[in-house]
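The structure appears below as structure tokens.
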Amino acid sequence: MAESYRPPLRKDAESRSKTQSVETNTSAAQAKVQEVLDNKDPRIFTIGQDQTLHRAVELLREYRIGALVVTDDAGKLSGILSERDIVRKLADTPGQTLPQLVEDVMTRQVETCTAEDLLVIVLRRMTDGRFRHMPVLDRGDLVGMVTIGDAVNFRLNQLEEEALQIKQLIVG
């Protein structure tokens, strides 16, 4: 008579596949921001706080991005300017927005992270704060920008690789 399915028992541990290990099941939770930075364009798009919103809009369009890091004269982080910031200003000052300065519209209280932070914690902060871009700092120096889109792409690549590994286990 054929044996019906039974869940794995402790005595079965030595035959457990890699896809069932604690390490593989929690790898996404252990990913660090640096892993995302390693897999994306290393350029950081910045704008000076004394530039106009018109220039900011041109840069956003040219680079097909959703936010610019605002830097001071020394190149240090002083704010962030997102499409959302610009749209709000457009609603407040129709027809008078583009000549305004970045420093008058930018978000000054910038949430940042480090490359060593766990990606899942950074994503939670972004989701809870309802923003999509987070500058990455190393001892106060700007080293990158992580976005929710970057994180989604990173996780999709992980899932595709996991699916490929499972397929190889089944076929091979």
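Sequential numbering from 1 along the given sequence is applied to the chain's residues. Any value given below was found using the heavy atoms of this structure, including those in side chains, with hydrogens, waters and symmetry copies removed. All values reported here derive from a predicted model rather than from experimental measurement.
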[X]: side-chain contact (heavy atoms from CB on, under 4.5 Å) partners, not counting sequence neighbours:
{"X": "Thr46", "value": "Ile44, Val69, Thr71, Leu142"}
{"X": "Val87", "value": "none"}
{"X": "Arg64", "value": "none"}
{"X": "Glu83", "value": "Leu60, Arg132"}

Pairs involving [range], ordered by first then second residue, that meet salt bridge (Lys or Arg N to Asp or Glu O under 4.0 Å) (sequence neighbours left out):
{"range": "residues 72-82", "answer": "Lys76-Asp141"}
{"range": "residues 44-53", "answer": "none"}
{"range": "residues 88-100", "answer": "none"}

Applying side chain to side chain donor-acceptor pair (under 3.5 Å), name anything that partners [X], two or more places apart in sequence or on another chain.
{"X": "Arg125", "value": "Glu111"}
{"X": "Asp150", "value": "Lys40, Thr147"}
{"X": "Ser82", "value": "Asp85"}
{"X": "Gln51", "value": "none"}

Suppose the criterion is ring pair (Phe, Tyr, Trp, His ring centres under 6.0 Å): which pairs have a residue in residues 61-112, not counting sequence neighbours?
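Only Phe45-Tyr63 qualify under ring pair (Phe, Tyr, Trp, His ring centres under 6.0 Å).
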